[in-house]
Amino acid sequence: MSAPVQPPEARVASEHPEAAGYRAGRTLPLRVEAMRQLRRRRTLLMGGVLTALPFILIIAFAIGGTPDGEDGGGGRGGGSRINLMDVATESAANFAATSLFVSAGFLLVIPVALFCGDTVASEASWSSLRYLLAAPVPRVRLLWSKLVVALGFSLAAMVLLPAVALAAGTAAYGWGPLKLPTGGALSAGDTVPRLALVVAFIFVSQLVTAGLAFWLSTKTDAPLGAVGGAVFLTIVGNVLDAVTALGSWRDFLPAHWQFAWADALQPQLEWGGMIKGAAVSVTYALILFALAFRGFSRKDIVS
């Protein structure tokens, strides 16, 4: 009976235990992976799209006049959308909040799926994955480095949009308190912390998409398959959340809580919805990340 085949990195470690200077924890440093991803054309393109969006909205408001709430809305975020649009041009803070709302449902899903779904699958499509592992880079270390960098870029994308919106909104509408759709306003001192909380919750709510994309990236050699699959399943979740016949079952859908951050834009901060939404998203994400690490550790790498 032939001996079981060991992964390349395990063979190198066993055959050369005396290799001077080799430390598994020092392979594929985060800064190296980050610079590789930063130079990718898709990273620059996504950054350009998110930077341009606030200016496109400003032009749209200038052409169309003052936004109003005559358009209908539905679902969990329908009312919030109308009211946010009512006050979108009142201040830079209102403009940033509106920019986040119109982007959170779909546009901000794209960079998360792109950065996390293009991690391992892109290396496999370039036939460079087995050479990375033969360096040797331990499989857990490779996945960990790529996941941390992917999540870092996803968070950067979500910070970039409101940051540009605040700057552009200040120039277009002036700096001032965040006027609430229900009446009243948040002081200028509370505005930035509340918007930071909104961004943090959106990031946590998108961890499910990140987990889906990352897991699929370890299962396929086609980056577009991993990215597209994650986006498709996220859309399916939004569709299921719209099926009111599911009743309380929708509470287990991450999409059901994706606009719970609207509770942060109230005079009295409400944590209930955001805590529930974060718990659901983190639970699904941890399961998907665990499946990715477990499956990849046993996968036969041929590309």
Side-chain angles (χ1 to χ4, degrees), residues 30 75-77 80 100-101 103-120 140-162 193-219 226-227 229-242 246 248-266 269-297:
L30 293 178
R76 183 177 177 82
S80 298
L100 282 171
F101 184 84
S103 308
F106 183 74
L107 181 61
L108 290 180
V109 173
I110 303 299
V112 176
L114 184 63
F115 292 135
C116 295
D118 196 41
T119 48
V120 181
V140 172
R141 175 66 182 180
L142 183 142
L143 286 188
W144 175 253
S145 295
K146 288 188 172 293
L147 178 59
V148 169
V149 171
L151 292 178
F153 274 86
S154 300
L155 179 59
M158 295 182 188
V159 173
L160 176 64
L161 177 62
R194 292 292 185 96
L195 289 176
L197 177 59
V198 168
V199 172
F201 177 78
I202 293 175
F203 174 72
V204 171
S205 68
Q206 293 296 342
L207 286 177
V208 178
T209 300
L212 280 169
F214 190 68
W215 175 60
L216 290 173
S217 185
T218 64
K219 305 295 288 185
V227 175
V231 173
F232 173 76
L233 291 174
T234 301
I235 293 174
V236 169
N238 289 330
V239 172
L240 289 175
D241 182 54
L246 290 175
S248 61
W249 286 103
R250 294 188 299 161
D251 292 346
F252 297 98
L253 295 173
H256 187 66
W257 306 99
Q258 63 181 329
F259 293 113
W261 57 263
D263 293 341
L265 304 181
Q266 303 295 333
L269 185 60
E270 297 288 342
W271 290 98
M274 289 188 287
I275 291 175
K276 292 178 182 178
V280 171
S281 297
V282 170
T283 300
Y284 281 117
L286 289 177
I287 293 173
L288 290 166
F289 289 144
L291 288 174
F293 276 84
R294 182 177 183 274
F296 190 73
S297 66

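Between atom CG of residue Leu233 and atom CD1 of residue Ile235 there is a gap of 9.5 Å, rounded to the nearest 0.5 Å. Note that CD1 of Ile110 and OG of Ser154 are 11.5 Å apart. Values are rounded to the nearest 0.5 Å.
Pairs engaging residues 105-114 under the side-chain hydrogen bond (donor to acceptor under 3.5 Å, both in side chains) rule: none recorded [sequence neighbours left out].
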- request: Report the C-alpha separation of Val112 and Phe203 in whole Å, then their side-chain angles, then the decisive distance to 0.1 Å, and conclude whether the side-chain contact (heavy atoms from CB on, under 4.5 Å) test is met.
  value: CA-CA 9 Å; Val112 176; Phe203 174 72; 6.0 Å; no

task: Under the side-chain contact (heavy atoms from CB on, under 4.5 Å) rule, what do Phe153 and Leu114 come out as? Steps first, then yes or no, please.
output: CA-CA 10 Å; Phe153 274 86; Leu114 184 63; over 6 Å; no

message: As a quick check of understanding, evaluate side-chain contact (heavy atoms from CB on, under 4.5 Å) for Met158 and Leu100, giving each step before the final call.
response: CA-CA 9 Å; Met158 295 182 188; Leu100 282 171; over 6 Å; no

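Although no hydrogens or angles enter the test, the distance criterion places a donor-acceptor pair under 3.5 Å between the side chain of Thr119 and the main chain of Cys116. Using modelled atom types, one side-chain atom of Ser297 and one backbone atom of Arg294 make a donor-acceptor pair closer than 3.5 Å.
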Do any side-chain atoms of residues 282-292 form donor-acceptor pairs under 3.5 angstrom with protein atoms, and if so which ones, sequence neighbours left out?
| unit_1 | atom_1 | unit_2 | atom_2 | d |
| --- | --- | --- | --- | --- |
| Thr283 | OG1 | Ala279 | O | 2.7 |
| Tyr284 | OH | Phe252 | O | 2.8 |

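Side-chain atoms of Asp118 and Ser217, non-hydrogen and from C-beta on, never get closer than 4.5 Å to each other. When side chains are defined from C-beta on, Met274 does not count as touching Val204, because their heavy atoms never get closer than 4.5 Å. The side-chain heavy atoms of Leu269 and Arg194, taken from C-beta on, include a pair separated by under 4.5 Å. Residues Phe214 and Leu151 have side chains not in contact (no heavy-atom distance under 4.5 Å, counting atoms from C-beta outward). Counting heavy atoms from C-beta on, the side chains of Val280 and His256 never come closer than 4.5 Å.
Shortest non-hydrogen contact noted between Ala113 and Val227 is O-CG2, 3.5 Å. When all heavy atoms of Ser103 and Leu161 are compared, the pair lying nearest together is OG-CD2, 3.4 Å. Nearest heavy-atom pair across Ala264 and Leu197 is CB-CD2, 3.9 Å. Between Trp257 and Asp251, the shortest heavy-atom contact is NE1-O, 2.9 Å.
Side-chain atoms of Gln258 and Asp241 include no donor-acceptor pair closer than 3.5 Å.
Val140 meets the side chain to side chain contact (heavy atoms under 4.5 Å, CB included) test with Phe293; sequence neighbours excluded. For Ala104, the side chain to side chain contact (heavy atoms under 4.5 Å, CB included) partners at least two apart in sequence or on another chain are Ile202, Phe259, Trp261. Annotation: side chain to side chain donor-acceptor pair (under 3.5 Å) contacts of Ser281 (sequence neighbours excluded): none. Under the side chain to side chain contact (heavy atoms under 4.5 Å, CB included) criterion, Pro111 pairs with Met46, Phe115, Ala157, sequence neighbours left out. Qualifying side chain to side chain donor-acceptor pair (under 3.5 Å) partners for Thr209, counting only residues two or more places apart in sequence or in other chains: Gln206, Thr234. Take Ile275 and apply the side chain to side chain contact (heavy atoms under 4.5 Å, CB included) test, not counting sequence neighbours, and it matches Trp271.
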